[in-house]
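Here is the structure we will look at.
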Amino acid sequence: MCAIGDPCNGIYIVRSGSFKSFCLDENGETQVLGFHLPGEIFGINGILTGRYSQFVEALGTASVCKIPLTMFNATNSTTGYPAVSLLRIIGQVLARDHKLIYMLGRMTAQRKFAYFLVDLVDRLRIFGIEQGEFTLSMSRADIANYLGLAIETISRLFTQLHARDLVDVNRRHLRIRNMETLRAMAKERPATQLLLDKAG
């Protein structure tokens, strides 16, 4: 879909399915930067320099709507609203990304994973997908890479959450059984830690 160095001539809105953005380090290893769900955008990273700075690929069957950058040119509008809309979109995306980077950098593995699942459910719910039950489009390897964890850790965390009746997992199909406790884990409330200690 997008490749590093390609000319940036538009941004993309996900219509269906999901996408993964990533880059390659100096050793050619993949670093997952994010996942883009229905209703979300990608491609804004290329606006400043005129070229995309990330790779983006579809996770399975997916579709997008491309919005040419010329549509946001204030000179094409007497009010300048298109340009203002683009700035608002960029601000929302950057604010969310900065919050996520800050949060994940300070979390334990368990809290990172709980935060990831809660965030995923909330984003899907905005698009009208039933809260708490969905199919993960991303692999466990991609999730591990994104969160900075080992894939064995992700598998272990899935097993722990299932053992505590917080989630049901069948391959990539996931059902959240106790969203309240999962949210509390993501916020790392003391009461939740006591609950988990008793359950363990």
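Numbering starts at 1 and runs along the sequence shown.
A donor-acceptor pair under 3.5 Å is formed between the side chain of N45 and the backbone N or O of S53. Remark: side-chain polar atoms of D25 are paired, donor with acceptor, to backbone N or O of N27 under 3.5 angstrom.
Between F42 and H36, the angle of the ring planes lies from 30° to 60°, which puts this pair in the tilted group.
Contact check for M185 versus L161: side-chain heavy atoms found under the 4.5 Å cut-off. Side chains of C8 and R51 form no contact here, defined as non-hydrogen atoms less than 4.5 Å apart. A 4.5 Å side-chain heavy-atom check between I41 and I67 finds every atom pair outside the cut-off. L147 is not listed as a side-chain neighbour of Y115, based on a closest heavy-atom distance of 4.5 Å or more. Inter-residue side-chain proximity for L174 and D168 is flagged as unmet; no heavy-atom pair is nearer than 4.5 Å. Residues N145 and M138 are not in side-chain contact: their nearest non-hydrogen atoms beyond the backbone lie 4.5 Å or more apart. Considering only heavy atoms from C-beta on, L120 stays 4.5 Å or farther from F35 through its side chain.
Between A62 and G17, the shortest heavy-atom contact is CB-CA, 3.9 Å.
Ring centers of F22 and Y146: at least 6.0 Å apart, outside the cut-off.
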Could you go through the side chain to side chain contact (heavy atoms under 4.5 Å, CB included) check for D6 and F55 one step at a time? CA-CA 9 Å; D6 284 352; F55 293 101; over 6 Å; no
